[in-house]
Amino acid sequence: MLDIRQFREDPEGIKTRLQTRGGESWQLVDEVLAQDERRRAGETEKQQLQSERNRLSKEIGGLKKQGQDTSELEATVRGISERIKTIGEEADAAEEAQTDLLLHIPNLPHAACPVGSDETANPVVREWGAKPEFAFEPKDHVEIGTRLDLFDFEAATRVSTGGFVVFTGVGARLERALIQFLLDLHTEFHGYTEVSPPHIIHRDCMVGTGQLPKFEDDMYSLEEGAFFLAPTAEVPVTNLYRETILKESDLPLKVTAYTPCFRREAGSAGRESRGLIRMHQFDKVELVNLVHPDESFAQLELLTAEAEAVLQRLGLHYRVIELCTGDLGFSSAKTYDLEVWAPGHGAWLEVSSCSNFVDYQARRMRLRFKDAEGHNRFCHTLNGSGTALPRLYVALLETFQQEDGSVKVPEALVPYLKRERIG
RNA sequence: GGUCAGGUGGCUGAGUGGUCGAAAGCACUUCUUUGCUAAAGAAGCGUGCCCCAAAAGGGUACCGAGGGUUCGAAUCCCUCCCUGACCGCCA
């Protein structure tokens, strides 16, 4: 959520920056200001009346003690109370409208964010490693995995529906090995604290990180929308600190979690969805940072490097791209995507998205810290996938496949998988 | 799921209709004293919003959440949520 004070001070600036995202959110700016004025006018009047009521009620108390008749005063106060109620309802309606608008307006892209309308305008920041070369025609992961009995899509439909998979045998063990490898890496080398959060989370959390109210259709909901299956650990982990005031010395707070992620992926059927690439349920290890506002952009660079370390240790070829204004996520001010090379597909796959949300999420969930002067300020929040598992899995199979159909296990994973070769 | 007991400031914990944003203690901050540590004393110490150009200041709301009763609610009533204990069920 953006700061209402910024709307009052520089509405045109907000509009201009929202316009770089595309979409029509900038058109809501004037409406926000109108509701804000309506709200404040109502609140001011209401509070004046409340003050009057408090004064007269005290007077009644005093008079009653002296045994005097107060019926006339009581009637006056009754009238005031009625007006408070009417005006209060008006002010509440304005506030609700204002909040609803603010919740639908995305974050402002960082001033240096490349302007563009879609992913074709995302600049490549750097590339690591080289495309692996093969003396044979590399197969794609579905073919490799099916041959090695690593996973089974058809069996999954017997217990669920399309968009789910069951990992089997060594394939299941590889999934588990990756989770372990990732958590160990981030806790032992990057200073993260590990948590294992609930996967069913209440609605307010989804509002806090920005999935709601706009993207409800993409989420699995329970109990008529009161609860949701977490679409990413970002939601439960960041919301662990909702409505809290941290000490400045607590920052930066770095938390990692492995969780399954649940997404309906409404409207994305058939899009880049072969095999493991786009699932309704997938595993992910997430990195969440709560940081001091002065440090968040530096922290984003570090966070991105921590996610990159995953791919480097596994020896996977990847590139880092920066999202342009038109491709930026709803809550984000700046985002780097990590794309790993999948030789079987001959395509780059997004395995991580590292974002700085500045104070946008913190404001929604009232996550603050007390600074040296004793003022409460909003933290900045960041998160990055560290990393998504299925696409990592795809890249591993396709990168390290051998001509005989087996897959060589990268050294970093051997201690976890306890074998050097699959198949 | 059932029964009972509870939810008050960072913590402990008073407060059952009026001057209570809320006693007291602990913790914390600053200052004074003391050679250091410790101890003692003094003051301060919640959050949101509104008014004010801002600061100062003032106002208002908040005692789990939301409604209600009342001139007036932390206090009475209703609904919901949560926590604890016991019972039932269960991985």
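The analysis underlying the following values was restricted to heavy atoms, covering all of them including side chains, and did not include hydrogens, waters or symmetry mates. Each chain gets a letter, A, B and so on, in the order the sequences are listed, and its residues count up from 1.
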Item to check | Side chain of A/Lys370 - closest among B/C71, B/C51, B/G46 | outcome: B/G46

Checklist entry - Expressed in angstrom and rounded to an integer, what is the separation of A/Leu367 atom CG from B/U47 atom P? => result 15 Å

Checklist entry - Touch check for A/Lys46, heavy atoms < 4.0 angstrom, all strands: base, sugar-phosphate only, or nothing? => result nothing

Next on the checklist: To the closest 0.5 Å, what do you measure between CD (A/Gln98) and CZ (A/Arg38)?
Outcome noted: 10.5 Å

Next on the checklist: Just the rounded figure in Å: distance from C1' of B/U19 to CD1 of A/Ile60.
Outcome noted: 14 Å

Item to check | Whole-Å distance separating the CD atom of A/Glu223 from the P atom of B/C80 | outcome: 15 Å

Checklist entry - Just to confirm, is there a sub-4.0 Å distance from OP1 or OP2 of B/C71 to any side-chain nitrogen or oxygen of A/Ser81? => result no

Item to check | A/Ser51 side chain near B/U60 phosphate (N/O to OP1/OP2, under 4.0 Å) | outcome: yes

Checklist outcome for this item: Taken to the nearest whole Å, NZ/A/Lys247 to P/B/C45 is 21 Å

Checklist entry - Atom CD of A/Glu59 and atom C1' of B/G18: how far apart are they, to the nearest Å? => result 13 Å

Checklist entry - With a non-hydrogen cut-off below 4.0 angstrom, is A/Ser71 in contact with a base, only sugar-phosphate, or nothing? => result nothing

Next on the checklist: Quiz question: by atom type and distance under 3.5 Å, do the side chains of A/Tyr258 and A/Glu194 form a donor-acceptor pair?
Outcome noted: no

Checklist entry - Using a cut-off of 4.0 Å on non-hydrogen atoms, how would the nucleic acid contact of A/Leu56 be classed: base, sugar-phosphate, or nothing? => result nothing

Next on the checklist: Regarding A/Arg8, tell me which of base, sugar-phosphate or nothing describes its non-hydrogen contacts under 4.0 Å with the strands shown.
Outcome noted: sugar-phosphate

Checklist entry - Rounding to a whole Å, what distance do you find between A/Glu95:CD and B/A61:C1'? => result 11 Å

Item to check | Nearest-angstrom distance from the residue atom CG of A/Asn376 to P of B/G10 | outcome: 11 Å

Checklist entry - With both distances under 3.5 angstrom, what nucleotide forms a Watson-Crick or G-U wobble pair with B/G9? => result none

Checklist entry - Taking only side-chain nitrogens and oxygens of A/Arg368, does any of them come within less than 4.0 Å of OP1 or OP2 of B/G48? => result yes

Checklist entry - Out of B/C49, B/G68, B/A61, which has the shortest distance to the side chain of A/Gln47? => result B/C49

Next on the checklist: Check the phosphate of B/C49 against A/Arg40, side-chain N and O only, distance under 4.0 Å to OP1 or OP2. Yes or no?
Outcome noted: no

Checklist entry - Looking only at side-chain N and O atoms, does A/Arg39 come under 4.0 Å of OP1 or OP2 in B/C49? => result no

Item to check | Residue whose nearest RNA chain B nucleotide is more 5′ - A/Lys65 or A/Ile4 | outcome: A/Lys65

Checklist entry - Hey, does A/Thr70 reach any base, or is it just sugar-phosphate, or nothing, if we go heavy atoms under 4.0 Å? => result nothing

Checklist entry - Whole Å only: how far is the NZ atom of A/Lys58 from the P atom of B/G59? => result 10 Å

